[in-house]
Asks: 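Before we start, here is the structure in question, set down as structure tokens.
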Amino acid sequence: MTIRGKFKGLDEAGRSAVLAASGAAFTEAGTFTHDGSVSAFTFRCQVPAGPDDGEDEAALGAMAALEAHGHAHEILRLAVTDMRDIKIRRKSRK
């Protein structure tokens with residue numbers, strides 16, 4: 001899951017926490033990338049899915065992970081990539 005958004009009233013402690021959680025990895029706790037002023041962000045997280053889970057369940061899980069960080073924010077856009085749908089093309093051996 002990728003959530004793009006903007007922070008609302010981030011104080012110095014919140015700014016320090018966001019900087020500490022920065023990174024481009026997809027983890028269950030989530031990581032932030034952000035602009036230089038730490039006002040706009042992209043939150044990346046991995047949401048484990050059951051066999052019958054869909055995009056709605058993934059979105060709820062990602063929003064819960066974002067909420068767990070405790071920073072006031074506004075969500076602008078959500079994007080879901082279901083890893084079960086990704087096909088890996090292996091190079092053939094000659």
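Here, residue 1 is the first one in the sequence, and each next residue gets the next number.
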Asks: Considering only residues two or more places apart or on different chains, which pairs with a residue in residues 49-58 satisfy side chain to side chain donor-acceptor pair (under 3.5 Å)?
Replies: none
Asks: Can you list the steps and then say if His73 with Phe43 is a ring-ring contact (aromatic ring centres under 6.0 Å, His included)?
Replies: CA-CA 11 Å; His73 61 275; Phe43 181 75; 8.7 Å; no
Asks: What's the shortest heavy-atom distance between Arg15 and Gly36, and which atoms?
Replies: NH2-O, 4.1 Å
Asks: Mind checking what makes side chain to side chain donor-acceptor pair (under 3.5 Å) contact with Asp35, not counting sequence neighbours?
Replies: Ser37, Ser39
Asks: Check side chain to side chain donor-acceptor pair (under 3.5 Å) between Glu74 and all other residues, then give those that pass, not counting sequence neighbours.
Replies: none
Asks: Picking from Val18, Leu66, Thr33, what satisfies side-chain contact (heavy atoms from CB on, under 4.5 Å) with Phe41?
Replies: Leu66
Asks: Can you hop from Ile75 to Val47 via hydrophobic side chains spaced under 4.5 Å?
Replies: yes
Asks: Specify the closest pair of heavy atoms between Ala59 and Leu78, including all atoms of both residues, with the distance to one decimal.
Replies: CB-CD1, 4.2 Å
Asks: Not counting sequence neighbours, which residues clear side chain to side chain donor-acceptor pair (under 3.5 Å) with Arg4? List them please.
Replies: Thr42
Asks: At their closest point, which heavy atom of Gly30 faces which heavy atom of His69, and how far apart are they?
Replies: O-NE2, 3.9 Å
Asks: Sequence neighbours excluded, which residues qualify as side chain to side chain donor-acceptor pair (under 3.5 Å) partners of Ser16?
Replies: none
Asks: For Leu60, which residues count as a side-chain contact (heavy atoms from CB on, under 4.5 Å) partner, sequence neighbours excluded?
Replies: Met63
Asks: If you take all heavy atoms of Ala25 and Arg44, which pair is closest and at what distance?
Replies: O-CB, 3.9 Å
Asks: Roughly how far, to the nearest 0.5 Å, is the CG atom of Leu19 from the CD atom of Glu12?
Replies: 9.0 Å
Asks: Looking only at heavy atoms, which two atoms of Val80 and Ala58 are closest? And how far apart?
Replies: CG1-CB, 4.4 Å
Asks: Parallel, tilted or perpendicular: which one describes the rings of Phe32 and Phe7, with boundaries at 30° and 60°?
Replies: tilted
